[in-house]
2 protein chains.
Amino acid sequence: MKYVDKLRNSGLRPTKQRLQICEVLFNTEKTYHFTINDLALKIKNQLNNKISLATVYNTVHAFEKKGYLKQIPINSNQTYFDTNISDHHHFYDLKEEKLIDLENSDVGPINILKKINGKKIKSVEVLVKLED
Amino acid sequence: MKYVDKLRNSGLRPTKQRLQICEVLFNTEKTYHFTINDLALKIKNQLNNKISLATVYNTVHAFEKKGYLKQIPINSNQTYFDTNISDHHHFYDLKEEKLIDLENSDVGPINILKKINGKKIKSVEVLVKLED
DNA sequence: ACACTTTTTTAGAATCATTATAAACTACCA
DNA sequence: TGGTAGTTTATAATGATTCTAAAAAAGTGT
Ligand SMILES: [Mn+2]
Ligand SMILES: [Mn+2]
Ligand SMILES: [Zn+2]
Ligand SMILES: [Zn+2]
């Protein structure tokens, strides 16, 4: 099992549920932008066993804390997550309500000139909203 | 009353509640970044009459639709609004949970190189997360 | 394998921001 | 002033997320 070590190394027990969620989330080249609801549906369709919604929440949060997922700041009633944990930016298609990756090279360097005393920059994220 | 025309010109009747909310929101030079809860508290403290929570929601959404407020995309369980409707960016102080304006000149031009077929850019927003 | 501890899963309840409802109220216009 | 459309309000409903606590599973040592 390719995800057993990943989980063990993070101090997370490689349970059946976590391994299956790993398969759904990470067993592809493509970035997956999702809400908990998206993921729960995907699990229901891809797997023949059920994982409780509480476990989906628990697992996503555990993975986020370990740095295997990140949250994307967006105005929505649902929280969006991203399997692409590299520093990168996003298009947000307002009509489709879908995120699209923008590589750093698609945006160019962003230089923040203003400084706030005693604070340091943790991340710089660009959100480009798209309309038709 | 300085806000009567503003409201009339937008097709919004200048009710007592809306005028009072205008005072709280716009009667200052400073940008106000707020959640509905922030605003409801400010109203309770500044005014000696009560405005129902439903009206606060209704009014904020009406003002947003008319372009007098904008929403700031951020990961929070509450929606953040901004009285500064110009194109500008934000620091987000993770500890204080407060937004700080970044003028466009504090960030420099952002050039989005990637194009999506049939879509056009509606906005470009930068969120800079700050930690201690 | 067994006993024991710790972590995890789970169904269901609780929370809480937000939206919907519908009746009372108000602004506006003829 | 009367009529009408728009607005406010208390309250209920919704829905994403978190909490609870009991059952199940995983890890550890023997
Ligand atoms: Mn959110
Ligand atoms: Mn939000
Ligand atoms: Zn992404
Ligand atoms: Zn601002």
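The chains referred to below are lettered A, B, ... by the order of the sequence lines, with proteins before strands, and numbering in each begins at 1.
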Within the 4.0 Å limit for protein heavy atoms, which parts of nucleotides 4-11 of chain D are touched? Write it as a string from 5' to 3', B for base, S for sugar-phosphate only, - for none. -BSSBBB-

Please give, in whole Å, the distance from C/dA17 C1' to B/L41 CG? 14 Å

Is B/Y57 near enough to C/dT19 that one of its side-chain N or O atoms lies under 4.0 angstrom from OP1 or OP2? no

Assess the side chains of B/N49 and B/Q20: does a donor N or O sit below 3.5 Å from an acceptor N or O? yes

Can you measure A/N77 atom CG to C/dT15 atom P for me and round it to whole angstrom units? 21 Å

cation_pi(B/K98, B/Y80) dist<6.0 Å, angle<=45: no

B/F26 ring centre to B/K6 NZ or CZ under 6.0 Å, with the angle to the axis within 45°? yes

Rounded interatomic separation in angstrom, taking CG from A/N75 and C1' from C/dA17: 14 Å

Nearest-angstrom distance from the residue atom CD of A/Q20 to C1' of C/dT9: 13 Å

Quick check on DNA chain C: between B/I36 and B/R8, whose nearest nucleotide comes earlier from the 5' end? B/I36

Kindly say if B/H61 contacts the phosphate of C/dT18, meaning a side-chain N or O under 4.0 Å from OP1 or OP2. no

Calculate the interatomic distance between B/Q78 atom CD and C/dT19 atom C1'; express it in whole Å. 15 Å

Decide, yes or no, whether a salt bridge links A/K129 with B/E125 under the criterion of side-chain N to carboxylate O below 4.0 Å. yes

Would you please name every residue forming a ring pair (Phe, Tyr, Trp, His ring centres under 6.0 Å) with B/Y92, sequence neighbours left out? none

Give the intermediate values and the outcome of side-chain contact (heavy atoms from CB on, under 4.5 Å) for residues B/H89 and B/I110. CA-CA 11 Å; B/H89 309 295; B/I110 294 170; 4.2 Å; yes

Whole angstroms only, please: what is the CD1-P distance between B/I74 and C/dA17? 16 Å

Measure from CG on A/N37 to C1' on D/dT14 and round the result to the nearest Å. 14 Å

Atom pair distance, as rounded to whole Å: CG in B/L39 and C1' in C/dT18: 15 Å

All salt bridge (charged side-chain N to carboxylate O under 4.0 Å, His left out) counterparts of B/K95, not counting sequence neighbours: B/D132

